[in-house]
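Quick notes on the structure that follows.
Side-chain atoms are counted along with the backbone in the values below, which use heavy atoms only and exclude waters and symmetry mates. Chain letters run A, B, ... following the sequence lines, proteins first and then strands; every chain starts at 1.
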2 protein chains.
Amino acid sequence: MNQKKKQIIDAAQRLFIKKGFSSTSIQDILDEAEIAKGTFYNYFSSKNECLMAILELISEEIIQERIHLAYGKERDDESVFAAQMAVRFNIDKKHNLMALFSTVRGSEDKDLQAFLDKQYVMELHWVANRLKEIYGQEIDSLSYDYAIIFLGIVQQAAYVVKRTKPSIDQTEAMIQFSLNRISSLIETQSGVGNAFFHEEDFYKFLNVEEPSLDVLKQQIVETLNEINEARFPEKEYYAFIIEELQREKPRMVLLESIFLTLSKEVEGTINEGKIRKVSSLAWRLIEREKRKRLK
Amino acid sequence: MNQKKKQIIDAAQRLFIKKGFSSTSIQDILDEAEIAKGTFYNYFSSKNECLMAILELISEEIIQERIHLAYGKERDDESVFAAQMAVRFNIDKKHNLMALFSTVRGSEDKDLQAFLDKQYVMELHWVANRLKEIYGQEIDSLSYDYAIIFLGIVQQAAYVVKRTKPSIDQTEAMIQFSLNRISSLIETQSGVGNAFFHEEDFYKFLNVEEPSLDVLKQQIVETLNEINEARFPEKEYYAFIIEELQREKPRMVLLESIFLTLSKEVEGTINEGKIRKVSSLAWRLIEREKRKRLK
DNA sequence: AATAAAACTAGACTAACAGTATAAAGAAAT
DNA sequence: ATTTCTTTATACTGTTAGTCTAGTTTTATT
């Protein structure tokens, strides 16, 4: 990411945390970032867009952290899932984001609304798939029902906990509470009744086709090419990844491992952002491949 | 309620529905209500306060409607509860309030936040008590857990339904879905494990003591006295209520019936608002008495 | 090194807005 | 009849988002 843009985002984030979103004026951001107004509007067309950029970064951070947590562990390990769920709350806490998110939840800005809906559905997909991995493929048709119920419990519990016991960190306990309830639900009525929610519903409302595997691959290669320059020591990684993706059956295990190393390698460098992006693309690819092979 | 105040609230509500909360300026409200700026600030110190007044009215409307639905029915009738839950969604729909509520959910205004928290906790209390009535007093210690889970499911489902199938009215189906899940949860694990949430937690965070029965009675009498003027035909009702409340053991069944008739009687008159308020106070009183007698 | 293109700065400017203040007209109460 | 409260109309202050322009600095290209 561009240095100025990063500078703006950092400043904005500091201020949003400190003063809240709506009490932070654009002028405040200009002062904090020590840039001119024109520069700001060169990168963002509004405060909302700046906010979206921040939220996107955080979202990538969450995905990244979840990958690390899962690495090397069994996919049906419930405690891994619990830890992965906790990531969102911890990162929110770290960035004091709760307030930010809710600021934005009720915005009347169409773009922002669409952006949040999209993030929400991505989370929903992820939860549904993880539940399937943990409780078995037989819950398949009900996995979205369960995902919605689970997210409902977690969010509601978080809301209440935050207001009743803001001092103590109850994140773990709260997630465990929600997990107990959802697993109790799943165990007693798996396969019973019809699903109320279906995967297809979400594609429709997101207005996106699930991208094909080939499209995903191409996006990864493209992004890699953008950063693939001789002077970087990670050059071999990039070459390998691109090569591997061309294969008939890319060895996903290898790729997963490479991305993990790579994302540590570039931590703090200029490429961090792009690698994070490419890595989250790759993760989706890997997920999809695994699912395909299960069927 | 004062005529000018009502005029302002009506205008504001129309505009909030039409244009959204944050896109409605105070000037817009002045134009719509055909009043001067000074008048507005005479009644509300900000747009937020005006909004709170609107939300409060709606909240009373919901309580009122729920009372009507329950009247004469068994307290453990699940379908009554389903209908009562639907009230909130239908009224929200009627006033196009979904947007309004979420607009406000993330506000950084302290007062507004406190106001919403309070409304939320009142809803939570109500749900917890209704669940106890429906599924038996033995779920007692867990009733807040269940209430939170239930509200979580309902809200999440509503959020998703609104985005996936905004055209069809799925309110009933969605509530039934949530009810099925919560009753399945309750039946399979009632009495098992410790409660995660407790009634006391909410008193603490609301910074309110649960008002004593006497305080409730007093509030009712006071409000009644404010409207108890000779020229109103409902004079006998008021006198009777006040008298009945003085008794050692007020006959709650009588009072409930009187309030029901009374609230119909004053519909559309100048006293409607006050009666609604007094009626919701009385309802809490009646609830409390019934609970006391069960123990 | 010269030049062209871009990114950036500083600040002026407009328009919308919240909220305060005031003076005068009108209504209600005593 | 007089006082008190409410309402109006309008002016004023101060803040904000966003546009625009003219000039400067940085970066890439030849």
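For the pair Gln3(B) CD and dA28(C) P, the interatomic distance rounds to 11 Å; values are reported in whole Å. One atom, CD1 of Ile26(B), and another, C1' of dT20(C), lie 12 Å apart when rounded to the nearest Å. dA16(C) atom P lies 16 Å from atom NZ of Lys47(B), rounded to whole Å. For the pair Ile8(A) CD1 and dA7(C) C1', the interatomic distance rounds to 11 Å; values are reported in whole Å. Between the C1' atom of dC17(C) and the CG atom of Leu30(B) lies a distance of 12 Å, rounded to the nearest Å. Here dT16(D) presents its C1' atom at 13 Å from CZ of Phe21(A), a figure rounded to the nearest Å. Regarding Gln27(B), its CD atom lies at a distance of 11 Å from the C1' atom of dA16(C), rounded to whole Å. Here dA6(C) presents its P atom at 18 Å from NZ of Lys5(A), a figure rounded to the nearest Å.
Looking at heavy-atom distances under 4.0 Å, Thr39(B) makes contact with a base. Tyr43(B) comes within 4.0 angstrom of sugar-phosphate atoms only, judged by non-hydrogen atoms across all strands, and of no base. Glu34(B) comes within 4.0 angstrom of sugar-phosphate atoms only, judged by non-hydrogen atoms across all strands, and of no base.
Rounded to the nearest 0.5 Å, atoms CG (Leu51(B)) and OG (Ser22(B)) are 11.0 Å apart.
Considering only side-chain N and O atoms, Lys4(B) lies under 4.0 angstrom from the phosphate OP1 or OP2 of dT8(D). For Tyr41(B), no side-chain nitrogen or oxygen approaches OP1 or OP2 of dA18(C) to under 4.0 Å.
Mapping Ser46(A) and Gln7(B) onto DNA chain D by nearest heavy atom places Gln7(B) closer to the 5' end of the strand.
Judged by distance alone, with hydrogens and angles left aside, the side-chain atoms of Glu32(A) form no donor-acceptor pair with the main-chain N or O of Asp28(A) at under 3.5 Å.
Ile9(A) places a side-chain heavy atom less than 4.5 Å from the side chain of Phe44(A).
Taking only distance into account, the side chain of Lys37(A) never meets the base of dG11(C) through a donor-acceptor pair shorter than 3.5 Å.
Geometrically, Lys47(B) engages Phe21(B) in a cation-pi contact defined by less than 6.0 Å to the ring centre and at most 45° from the axis.
When the shell of 6.0 Å around CD of Glu34(B) is examined, it contains 12 or fewer heavy atoms from other residues, nucleotides or ligands.
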